[in-house]
Amino acid sequence: MREIIFTKSQKNLKKIYNRLNSTNLNQYVKAEKEEVLFLAIGGYNRTHDLIKAMGLAESEITSHANLNLSNVFLQETHGKKVIYIEKINYLTSVSKNVDFVSKRLDLNVADAFEESMMLYKVAERHVTINQKRIQWKKPLIVILDDKSLNLQFDGHRFKYQTEIGFVQMRNRNAKPTAILKEIEAVEEADKMMFARYQTEAVGEGEVLDALGRIRSKATRERDESWWFKPAEFKKIVGSNELVVQLKEIKELGITQFSSNKKFGTENARWIVIPDAAFEFKGFAYKDDSDLFEEEIQQELAEEERIEKQQESLLDGILSVEIPLNVKTGYVGREMAHSPSESLQSFLNDIDNIEQEKVNGIELLSGASTEDEYKHIKKYILAYFLDGNYKNDERLDDNYLGGKRLISIDIDDADYTRAELESKLEAQGLFGLIYRTAKYYYDQSNRWRIVLMADTEMSKKDYRHTITGIAKMLDLEIDESSKKLSQLMGYPLSSKDTSIVIGTMVNVAQFKPKEQQKQEYTGNVVGIQKSLADFDHPQAKLLKQALNGGITEGSRNDTYRQICMYLRDTINNPKYESRHQEAYELIDITKTQAVADGLPEKEVEVIYREELHQSLN
């Protein structure tokens, strides 16, 4: 196992090594024109020894706490090869109280130190040697000894002085000879590079040693795991600090029971170590590029999950079978009826109908008068209407049921497509949005929105629903849109038809309160045996959770809906007899949510947020 973390850190150190050991005589001629190299060595106790091991005599190194260009500093650094900076707090300030000591990032300290490096980098001064005033020959290598990993405290990175090389050691007390052996075959860095400090690196050797001791003392084995009493585990490990660290290293998977458990004849709050923990070879360190790539992969996975979820939601709507009627022109009542179509087939037919039967875009764009435009609309364009009608005649009185589509025309408002899509997205609703015929005649900014109801609608339902949806979306609609048997123009171009992914319209929410009260009381409270048996979408989700759980991809939202349902039941004094059951179901569904795979903290947040609303 290498002592230096990251290849780029090896290259940084090799660049310093090569500078110190160069045999090029030209370097002495051009020395004052060479760049200053800054190298921070983190998490290592023998930095000074390492500098000397690279070939320097003690007289060639000058030690300081800062880079302030005082006269004394100039005199002491003149002609040296390396400035060795040893500090505890490069970026932080320390507050000391009677009861505690706290360290925090102090930008005044950090910025001042960065400015001192920038100034040193370009500084030119004179010094007086033997009463002669000569050019200051400054050291061109500055080593920052950063034992406490302070130069990246709280994620801080220097803003301007970006060419600082970073090196970090796995073992704080690694031999300098071993470190130099590592960089023998390494190429030097083109320029000094940043390398993210790995806080887990501290004590890695101790962790590996402790695991070796634990393995040699393991005697109790069950299910590929080894069991230790807490006291004996501490004794083997050797310190409380290391015990805590071992438990916190997720790669090891060490756990402890929250209460006593019997193992044979012994009883203890056991610490359990899986076999796999002893295969640990060291931390998988991640540099900026690794972390960035990991974030990308996580985002890709999340995007893919959401995409699949959205596609599933969309497919569920587009595949709903509906009775669909089509008609050429709006004159007359007779319609061609298809008892089982879907919005997917509706979308698939758009271009075929336009190109093979209607040719509406060409006719409308070529119309020269309003009368010609109206004639094309009246007799040539294609129209649709969903639902079943007696004798396939479109009259409200002939309506037999089956209507699921809600169509809204936008004629008198200057909306863009993006604005209409945003209105649907804000409510989480599915919808088709497309241009109406007037656009193709004179570019009028007119639109049609088609939504899907979650259940078939009666005449009253349709009127209440379309009125409610218009208010929800803040759109003005005319009375003709509220007519159940009103024909709607078929889209003329699939490329001009956009799909907003979302849910179906909940018809029940738009019913008058009197009707809701009557249906809820009549169909649920007096008959059903459990809240899970109510004829309500959220009750169905509750039943699904109780009968086997919720599938991955929709758990978060589903359990939120279940909690809202139980909360609303508790908040309604009319269903006081159901309150106790609702409280019990809250506990049951929280347990089921965790069993389904949701993190406990996330479940607590969901239920706390929803139930909190019931108190406000």
Inset, instruction - Can you establish whether the number of heavy atoms outside D223 located under 6.0 Å from its atom CG is more than 12? - result: no
Inset, instruction - Return yes if a side-chain donor-acceptor contact under 3.5 Å exists between E341 and S338, otherwise no. - result: yes
Legend entry - Side-chain heavy-atom pair Q152, L91 within 4.5 angstrom cut-off: no
Inset, instruction - Give a yes-or-no answer on whether the side chains of N445 and R435 include a donor-acceptor pair shorter than 3.5 Å. - result: yes
Legend entry - Geometric cation-pi criterion, R269 with F257: 6.0 Å, 45°: no
Legend entry - Flag for E293-Q297: side-chain donor and acceptor within less than 3.5 Å: yes
Inset, instruction - Please check if any side-chain donor atom of Y607 sits under 3.5 Å from a side-chain acceptor atom of T589, or the reverse. - result: yes
Legend entry - Non-hydrogen atoms of D386 and R404 that approach each other most closely: OD2-N, 2.6 Å
Legend entry - Ring centers of F263, W227 separated by less than 6.0 Å: yes
Legend entry - Exceeds 12 heavy-atom contacts within 6.0 angstrom, atom CD of E221: yes
Inset, instruction - Answer with yes or no whether the side chains of T92 and D106 bring together a donor and an acceptor at under 3.5 Å. - result: no
Legend entry - Side-chain H-bond candidate by donor/acceptor type, S498 with E421, under 3.5 Å: yes
Legend entry - Neighbour count >12 (heavy atoms, 6.0 Å) for atom NZ, K103: yes
Inset, instruction - Tell me yes or no: between the side chains of E321 and S342, is some donor less than 3.5 Å from an acceptor? - result: no
Inset, instruction - Could you give me the CA-CA distance, side-chain angles and deciding distance for Y383 and Y490, then say whether ring pair (Phe, Tyr, Trp, His ring centres under 6.0 Å) is met? - result: CA-CA 5 Å; Y383 294 86; Y490 220 97; 9.5 Å; no
Legend entry - Side-chain heavy-atom pair Q256, V272 within 4.5 angstrom cut-off: no
Inset, instruction - Could you tell me whether a side-chain N or O of K482 sits under 3.5 Å from a main-chain N or O of R463, the two making a donor and an acceptor? - result: no
Legend entry - Side-chain touch W270/P230, heavy atoms, less than 4.5 angstrom: no
Legend entry - Trace of the salt bridge (charged side-chain N to carboxylate O under 4.0 Å, His left out) decision for K308 with E304: CA-CA 6 Å; K308 288 181 179 178; E304 184 177 345; 3.3 Å; yes
Legend entry - Q592 side chain vs L546 backbone, donor-acceptor pair below 3.5 Å: no
Legend entry - Sub-4.5 Å side-chain heavy-atom contact between D154 and H156: no
Legend entry - pair T558-Q561: side-chain heavy atoms closer than 4.5 Å: no
Legend entry - Main-chain N/O of I570 paired to R578 side chain as donor or acceptor, under 3.5 Å: no
